[in-house]
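Beneath this line is the structure, given in structure tokens, with notes to follow.
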Amino acid sequence: MGGFFGTVSKTSCVTDLFYGTDYNSHLGTKRGGLATYSKEKGFIRSIHNLESTYFRTKFEGELDKFKGNAGIGIISDTDAQPIIINSHLGRFAIVTVAKITNIQQLEDELLSQNMHFAELSSSSTNQTELIALLIIQGRNFVEGVENVFKHIKGSCSMLILTEDGSIIAARDQWGRTPVVIGKKDGAYAATSESSSFPNLDYEIEKYLGPGEIVRIYDDHIEQLRKPNEDMQICSFLWVYYGFPTSCYEGKNVEEVRFTSGLKMGQMDKSEVDCVCGIPDSGVGMALGYAEGKGVPYHRAISKYTPTWPRSFTPSNQELRSLVAKMKLIPNRAMLQGKRLLFCDDSIVRGTQLRDNVKILYDYGAKEVHMRIACPPLIYACPFVGFSASKNALELITRRIIKELEGDENKNLEKYATTGSPEYEKMVSIIAERFGLSSLKFNTLETLIEAIGLPKCKVCTHCFDGSSHF
């Protein structure tokens, strides 16, 4: 995944840029980058590897070198960025939050047109550079961004820092990833996460619509392209990725999680002593569940936050398993002899669940029930980079379907239908495999109701296979 932040100010933008970008750190762990522009110094850029440390520690020591009133920053799980380009459109810096599934085809097409790629990332084409090359095929920036929309499969939102000291912000054409505009006295900003705004004194000015393009100045924004009617914003933003204080399309992340848990708790007949959220993204749901169910919320398990990142970020399975085990610490005093119900955002591979449940029983839990904020993940996502999984068989659901059907692609619609015999069998196998007293997933209808947007505006492909290209 990834998140960006850009700002144009009447005064130096560097402090806001640094902290605003840092507030996107929960969206990625591989690369961080900043670029500023001033007439005196031109473009100043820095990119750092974040795999062994945090954004702040890499950048705070070199902030003095950045100059200017306009800048863009990125936290990325993919390529090194920002990229700086000199073209017929002028010099510009660009950051993207993108997943391009046809990158090899586009690379071949551009090479056949005598283009070249200079910014290789781990010996592969840097997708932000590829996007920049598609942009410069346009006669202007709007035509260039539309050229990106026309050619890529997947999604791409971007910020472009130009030589006139303005920023062009563009949201991907289906609105799968968010772009939020903020305003304060003397400055405007654009970001992936509105949680970047409060402590920097920005107020949300608007949410860019799907395919909308705006140009940001220090005192106003100018619409360059109107938004598309159709939208497919990723539902997993509310389930997992989003920071609790962020809002997308006016819908707050924590409120959605709380509401989905509340609705589950009101409907659930299980008898338990207390509810606990798996940190971090399961906590909001668990608080709602506890209220809906009328049972206390206890912290029977805590996350050791100083050093451990998200559990399915590492690409190496052995390291993922280690992280999943090490980052959560059980509390024997709150576990022993209890019938516990845990809430979590999702089950992807099952790595975290397997280790955690065993530890809970080892520490004296009498029963361990699990409630999941979203429906089972049946389909790999071709639109946004929400998971490190490379193929469907990394999903525990698809491995079980292969065991039952002999083919991981057979009868997927039945397994994705809540309450069907196939669905119930799959869920019961997951519960049995991990020693759970009971396991229930939220229904798609409840999730959509909690989000509060029309179903046609929300992408639910990973749950039901629905596709919009």
* **Any donor-acceptor N/O pair, Ser87 side chain to Leu89 backbone, under 3.5 Å** => yes

* Identify, with sequence neighbours excluded, every residue that meets side chain to side chain contact (heavy atoms under 4.5 Å, CB included) alongside Leu111. => Glu107, Phe117

* Any chance the rings of Phe92 and Phe141 have centres within less than 6.0 Å? -> yes

* **Residues in side-chain hydrogen bond (donor to acceptor under 3.5 Å, both in side chains) contact with Glu413, at least two apart in sequence or another chain** => none

* Are the charged groups of Arg349 and Glu394 less than 4.0 angstrom apart, N to O? -> yes

* Does atom OH of Tyr19 have more than 12 heavy-atom neighbours, drawn from other residues, nucleotides or ligands, at distances under 6.0 Å? -> no

* Would you confirm whether Ser76, through its side chain, and Thr78, through its main-chain N or O, come within 3.5 Å as a donor-acceptor pair? => yes

* Could you tell me which residues satisfy side chain to side chain contact (heavy atoms under 4.5 Å, CB included) with Ser155, sequence neighbours excluded, listed by chain and number? => Asp172, Arg176, Val384

* How would you list, by chain and number, every residue that makes a side-chain hydrogen bond (donor to acceptor under 3.5 Å, both in side chains) with Tyr37, sequence neighbours excluded? -> none

* Which residues share a side chain to side chain contact (heavy atoms under 4.5 Å, CB included) with Asn442, sequence neighbours left out -> Ser260, Met264, Thr446

* Would you check if the side chain of Asn126 reaches a backbone N or O of Ala80 as a donor-acceptor pair within less than 3.5 Å? => yes

Hey, can you pull the donor-acceptor pairs under 3.5 Å for the side chains in residues 221-228, sequence neighbours left out?
residue	atom	partner	partner atom	Å
Gln223	NE2	Glu212	OE2	2.9
Arg225	NE	Glu146	OE2	2.8
Arg225	NH1	Gly211	O	2.8
Arg225	NH1	Asn228	OD1	3.2
Arg225	NH2	Asn228	OD1	3.4
Asn228	ND2	Gln173	O	3.0

